[in-house]
Amino acid sequence: MQTKYTMEENEELLQNQVDENLESEVKRFADSLPYWAKYLGAQILDGHEITNEIIETAYTYLLKELELRDKSTRTPIEINYSAVDVSA
């Protein structure tokens with residue numbers, strides 16, 4: 001038996017699918033970023049103002065990635081995707 005939906009319900013279902021696809025694409029993209037870029041993204045999505053200290057930290061991570069500085073143990077970065085409303 002096929003379920004019938006109203007036009008509004010169909011539009012809502014479609015929008016939810018678009019939102020989920022966009023969200024999953026953004027997460028997949030963010031997960032593929034190098035450590036320094038993930039660090040910057042996490043800072044932005046957590047609502048932090050990007051200060052010189054944050055830029056210096058990201059630059060240090062970049063230098064380590066390029067093996068221009070010794071690598072140290074890195075803490076895994078968790079990106080909070082729900083901290084900022086990206087639809088605005």
Side-chain angles (χ1 to χ4, degrees):
M1 182 172 167
Q2 188 175 8
T3 305
K4 292 187 178 185
Y5 296 102
T6 66
M7 183 66 116
E8 289 174 349
E9 290 171 327
N10 282 333
E11 288 175 1
E12 184 178 341
L13 287 170
L14 180 61
Q15 185 60 46
N16 287 341
Q17 288 176 343
V18 168
D19 290 345
E20 286 177 18
N21 288 337
L22 179 59
E23 182 178 344
S24 64
E25 286 181 38
V26 168
K27 287 179 181 180
R28 204 170 30 257
F29 170 75
D31 289 340
S32 72
L33 293 173
Y35 191 81
W36 64 270
K38 248 188 220 186
Y39 170 77
L40 280 175
Q43 297 300 311
I44 292 167
L45 291 174
D46 283 343
H48 296 286
E49 180 179 330
I50 301 303
T51 62
N52 284 338
E53 181 180 343
I54 290 173
I55 291 171
E56 288 290 328
T57 301
Y59 182 63
T60 298
Y61 291 146
L62 173 63
L63 292 176
K64 289 177 181 182
E65 184 173 318
L66 297 174
E67 298 181 358
L68 298 173
R69 282 213 181 143
D70 291 334
K71 287 189 177 184
S72 59
T73 304
R74 297 189 273 189
T75 305
I77 295 174
E78 294 290 327
I79 298 178
N80 182 359
Y81 299 100
S82 61
V84 175
D85 181 9
V86 293
S87 65

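- Here the options are Thr57, Thr51, Ile77, Ile54, the test is side-chain contact (heavy atoms from CB on, under 4.5 Å), and the partner is Gln43; only Ile54 passes.
- Side chain of Tyr35 to main chain of Thr75: a donor-acceptor pair is present (N/O by atom type, distance under 3.5 Å, no hydrogens or angles).
- The closest side-chain heavy-atom distance from Asn80 to Leu45 is not below 4.5 Å.
- Annotation: Arg69, atom CZ; neighbour count of heavy atoms from other residues, nucleotides and ligands within 6.0 Å does not exceed 12.
- Leu62 and Leu33 fall into different hydrophobic clusters, where Ile, Leu, Val, Met, Phe, Trp and Tyr are joined by side-chain heavy atoms under 4.5 Å apart, directly or via other members.
- Contact check for Asp70 versus Lys64: no side-chain heavy atoms found under the 4.5 Å cut-off.
- The CG atom of Leu66 sits 15.0 Å away from the OH atom of Tyr61 when rounded to the nearest 0.5 Å.
- The heavy-atom pair separating Lys38 from Ala30 by the smallest distance is CE-O, 3.3 Å.
- Tracing side-chain contacts under 4.5 Å through hydrophobic residues (I, L, V, M, F, W, Y), one never reaches Trp36 starting from Phe29; they form parts of separate clusters.
- A continuous path of Ile, Leu, Val, Met, Phe, Trp and Tyr side chains, each step under 4.5 Å between heavy atoms, connects Ile44 with Tyr59, placing both in one hydrophobic cluster.
- Separation of atoms CD (Glu78) and CG (Asp46) is listed at 10.5 Å; rounding is to 0.5 Å.
- By the 6.0 Å contact criterion, CG on Asn52 is open, its count of non-hydrogen atoms from other residues, nucleotides or ligands being 12 or less.
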